[in-house]
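Structure record follows, encoded as structure tokens.
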Amino acid sequence: MIDRKQLRADPDRFRVGAREKGIDVDFDTLLALDERLRGLEHERGELAAEQNRLGKDTGRQIGQLKGRLKKASEAERAEIEAELRTLEARPTALKAAIQESDRIIAGVEPELRELLLKVPLPADPDVPKGASAEDNVELRRWSPAWFDPARSFRENKGFDPRSHVDLMLAAGMVDFERAVKIAGARHYALRGDGMRLHQAVLRFGLDTIVNDHGFVPVSVPVIVREECMVGTGFFPTGRDQAYHIEESRRGAGHDLFLTGTGEVGLMGLHAGEILDAEDLPLQYATVSTCFRREAGAAGKDTAGLYRVHQFDKVEQVVITHADEAESRRWHATMIGIVEQVMQRLELPHRLLQCCTGDLGPKNADMIDVEAWMPSRGEEVDGVPAGAWGESHSASRLYDYQCRRLNLRYRGPDRKPVVCHSLNNTVIASPRILIPIVELYQNADGSITVPAALRPYLGGVERLGG
RNA sequence: GGUGGGGUGGCAGAGCGGUUGAAUGCGCCGGUCUUGAAAACCGGUAGGCCCUCCGGGGUCUCGCGGGUUCGAAUCCCGCCCCCACCGCCA
């Protein structure tokens with residue numbers, strides 16, 4: 001959520017920011033509501049101030065008069081009652097006015113809040129302008145000596161590639177049909193070496209982030225309350241991407257949602273807290289199952305393990321002081337960690353600076369990592385040319401997320417300050433199995449295990465074949 | 001699923017109709033003492049919003065919502081959440 005004060009001070013910055021992200025927000029209504037609410041709250045404050053004053057002045061008198069009334073004779077009674085009526089007239093009228101004021105405010109407030117939650121964080125000035133992923137800017141690429149994506153697969157390895165679907169089916173590493181029988185399209189069942197490789201990759205990711213980079217491993221709920229989804233910025237915009245468990249229909253107090261990333265749980269951990277400045281930065285990592293409805297992706301990437309409803313991901317988040325330079329340093333650090341992970345797996349990859357149109361509401365800046373996936377891309381003479389496919393995403397959010405989560409720390413003057421947050425994929429599987437299996441495949445259909453993963457597979461060097 | 005208990009400031013924990021935004025303790029900040037530190041003592045210390053001549057001022061908040069009352073942390077109603085025990089259970 002953005003800061004209302006900042007919005008008032010410079011509405012154009014937010015108008016432009018939303019436009020550049022391609023997000024439509026009714027700023028005219030929002031600004032009008034903001035002003036209206038401030039006026040209403042001011043009036044309400046004036047009324048309450050008078051009420052409090054009266055409470056101190058005449059309140060005691062009324063109390064005393066009522067005491068006297070009980071013991072009063074008939075003659076005194078009428079006089080006291082008249083006096084009481086006079087004294088009570090103003091407070092009674094005030095109360096009615098305050099109730100009316102509250103009623104109006106109760107109508108305006110949710111309307112304002114709803115609009116405010118939709119305002120995206122403007123992209124940073126150094127983020128390239130653009131409408132979609134097409135306009136993302138490549139920053140750099142890396143590939144191991146044994147595979148150059150600029151050349152064909154055959155030129156690199158001496159034979160044409162098989163897709164991960166072919167290879168893994170042949171090696172008994174995955175079963176799509178039976179998984180679809182159980183759960184429908186976009187589901188899969190990893191088995192045998194497929195499951196072992198999946199677990200190896202996740203453990204490799206978690207160990208790297210925890211052992212090499214000092215992140216604290218945490219397990220978090222993947223089934224959360226709505227406020228957690230709103231707080232982390234996935235709602236309201238991404239509401240249709242989350243699985244919704246309607247427990248309220250069974251008499252429970254609230255519904256639950258399945259999280260699409262461990263970020264939700266990790267960030268939710270400290271919601272509503274005021275942390276000590278010395279405790280920052282908080283560096284957390286989790287491995288969690290992620291659930292995504294993939295609404296609107298009908299027909300896209302239907303085959304294989306690329307786009308599925310359920311997967312596992314090692315995710316890292318950092319919660320820092322409200323300092324742009326510090327945020328940016330952490331962003332660079334996290335990106336470096338991903339590059340290290342990809343290099344240790346020896347997977348060709350490139351870094352993309354996402355443009356404004358590809359950012360999503362909560363990010364000021366986002367770097368995607370794409371891995372080379374031989375089975376993707378156009379076919380040339382019946383052989384896929386290969387293409388880059390997204391494997392990671394590192395986001396910098398300033399205080400957008402923490403403001404929604406009400407996550408703060410005590411600043412130098414002891415006043416609470418909203419924290420900054422960042423998040424990044426360490427590794428997501430089975431998607432990452434696509435480049436691993438396809439790039440490490442051998443002519444006989446076997447798959448060489450990347451050296452970095454061998455310790456996690458009991459030293460085995462080859463799978464399938 | 002059943003029964004009982006409870007939600008108060010950073011934490012612990014009083015208050016149960018008026019001057020209590022809230023005792024007390026711990027923690028934290030500042031000061032005195034000390035060569036320094038500790039101890040002791042003194043003072044300060046919630047958050048949001050609005051206004052400000054930047055000294056401060058107003059208001060809201062004791063789980064949430066509604067009610068009673070001139071006045072509610074305190075009484076009433078509804079809701080949410082947490083805890084304990086029993087049952088079931090990976």
Side-chain angles (χ1 to χ4, degrees), chain A residues 1-9 31 33-70 80-113 116 219 221-228 230-231 246-256 268-280 282 289 322 399 402-419:
Chain A
M1 183 157 56
I2 60 154
D3 183 359
R4 269 169 77 195
K5 280 182 207 149
Q6 285 179 28
L7 175 67
R8 280 195 290 273
L31 289 163
L33 283 174
D34 176 60
E35 192 167 330
R36 172 120 194 270
L37 186 60
R38 280 203 298 155
L40 287 167
E41 281 174 340
H42 183 75
E43 283 170 33
R44 157 77 225 238
E46 301 276 287
L47 293 173
E50 188 180 350
Q51 187 179 50
N52 289 338
R53 241 179 288 122
L54 282 175
K56 284 187 183 126
D57 299 345
T58 58
R60 312 286 305 212
Q61 290 179 46
I62 290 169
Q64 283 164 5
L65 282 173
K66 284 202 168 165
R68 269 172 58 200
L69 191 62
K70 280 186 193 145
I80 296 173
E81 279 174 350
E83 204 174 333
L84 268 175
R85 269 195 300 279
T86 314
L87 282 172
E88 286 179 2
R90 185 56 189 156
T92 305
L94 263 180
K95 189 188 173 182
I98 286 172
Q99 280 180 333
E100 175 62 7
S101 188
D102 282 344
R103 200 185 55 75
I104 298 170
I105 288 172
V108 174
E109 214 164 29
E111 210 182 326
L112 173 75
R113 181 178 158 75
L116 200 62
S219 84
V222 296
I223 159 170
V224 304
R225 296 186 188 159
E226 181 164 12
E227 65 216 63
C228 208
V230 174
E246 292 189 281
E247 283 295 286
S248 59
R249 288 176 62 172
R250 310 165 101 184
H254 52 79
D255 288 351
L256 292 163
L269 244 28
H270 293 282
E273 297 184 18
I274 301 178
L275 304 166
D276 289 333
E278 311 83 79
D279 293 340
L280 299 177
L282 260 29
T289 302
D399 61 2
C402 291
R403 176 167 293 109
R404 286 171 171 249
L405 288 165
N406 197 220
L407 172 45
R408 297 169 292 174
Y409 68 97
R410 235 166 250 295
D413 57 356
R414 316 277 312 148
K415 288 278 159 226
V417 182
V418 180
C419 299

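Within every chain, numbering begins at 1; the chains are lettered A, B, ... in the order of the sequence lines, protein sequences first and strands thereafter.
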Which atom pairs link the protein and nucleotides 44-50 of chain B when you take only N or O atoms and keep those under 3.5 Å?
unit_1 : atom_1 : unit_2   : atom_2 : d
B:G47  : OP1    : A:Arg410 : NH1    : 3.0
B:G47  : O3'    : A:Arg408 : NH1    : 2.9
B:G48  : OP1    : A:Arg408 : NH1    : 3.2
B:C50  : OP1    : A:Arg8   : NH2    : 2.4

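- For the P atom pair drawn from B:C83 and B:G30, the interatomic distance equals 38 Å after rounding to whole Å.
- Nucleotides B:A72 and B:U68 have their P atoms positioned 11 Å apart, rounded to a whole Å.
- With rounding to whole Å, A:Gln51 atom CD is found 16 Å from B:G58 atom P.
- Residues meeting the salt bridge (charged side-chain N to carboxylate O under 4.0 Å, His left out) test with A:Arg90, sequence neighbours left out: A:Glu50.
- Checked against side chain to side chain donor-acceptor pair (under 3.5 Å), A:Glu227 has no partners two or more places apart in sequence or in another chain.
- Remark: A:His254 is not in phosphate contact with B:C79, judged by side-chain N or O atoms under 4.0 Å from OP1 or OP2.
- B:U8 and B:C81: their C1' atoms are spaced 16 Å apart (whole Å).
- Legend: residues meeting side chain to side chain donor-acceptor pair (under 3.5 Å) with A:Asp399, ordered by chain and number and at least two apart, are A:Arg403.
- In terms of the salt bridge (charged side-chain N to carboxylate O under 4.0 Å, His left out) criterion, residue partners of A:Glu226 (sequence neighbours excluded) are, by chain and number, A:Arg239.
- Rounded to the nearest Å, the gap between the C1' atom of B:A46 and that of B:A22 is 11 Å.
- B:U20 sits 24 Å from B:C28 when the C1' atoms are compared, rounded to a whole Å.
- For A:Glu35, the salt bridge (charged side-chain N to carboxylate O under 4.0 Å, His left out) test picks out no residue, with sequence neighbours left out.
- Contact check on A:Arg8 versus A:Asp34 returns a salt bridge, with a Lys/Arg side-chain nitrogen under 4.0 Å from an Asp/Glu carboxylate oxygen.
- Rounded to a whole Å, the CD1 atom of A:Ile98 is 10 Å from the P atom of B:A72.
- Residues A:Leu47 and A:Leu94 have side chains in contact (heavy-atom distance under 4.5 Å, counting atoms from C-beta outward).
- With a glycosidic angle more than 90° from 0, B:G66 adopts the anti conformation.
- Residues passing the salt bridge (charged side-chain N to carboxylate O under 4.0 Å, His left out) test with A:Glu278, sequence neighbours excluded: none.
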Could you tabulate the donor-acceptor pairs under 3.5 Å formed by side-chain atoms of residues 95-111 of chain A, not counting sequence neighbours?
unit_1   : atom_1 : unit_2   : atom_2 : d
A:Glu100 : OE1    : A:Arg103 : NE     : 3.2
A:Glu100 : OE2    : A:Arg103 : NH2    : 3.0
A:Asp102 : OD1    : A:Arg44  : NH1    : 2.5
A:Asp102 : OD2    : A:Arg44  : NH1    : 2.8

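- Here the P atom of nucleotide B:G63 and the CD atom of A:Glu227 are 17 Å apart, to the nearest Å.
- Comparing the same atom, P, in B:G18 and in B:U74 gives a spacing of 12 Å after rounding to whole Å.
- Annotation: B:G9 and B:C26 have their C1' atoms spaced 13 Å apart (nearest Å).
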Which atom pairs link the protein and nucleotides 64-69 of chain B when you take only N or O atoms and keep those under 3.5 Å?
none

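- With the nearest nucleotide of RNA chain B identified for both A:Thr92 and A:Glu46, A:Glu46 has the one nearer the 5' end.
- Between the C1' atoms of B:C79 and B:A12, the separation comes to 28 Å (whole Å).
- Among residues two or more places apart in sequence or in another chain, the side chain to side chain donor-acceptor pair (under 3.5 Å) test is passed with A:Arg38 by none.
- Here the CD-SG distance, from A:Glu273 to A:Cys419, works out to 9.5 Å after rounding to the nearest 0.5 Å.
- Partners of A:Glu43 under the side chain to side chain donor-acceptor pair (under 3.5 Å) rule, at least two apart in sequence or in another chain, do not exist in this structure.
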Secondary structure of RNA chain B in dot-bracket form (Watson-Crick or G-U wobble, distances below 3.5 Å, | marking inter-strand pairs): ((((((((.[[[..)..(.....]]]((((((.......))))))((((((....)))))).[[[[[..)....]]]]])))))))....

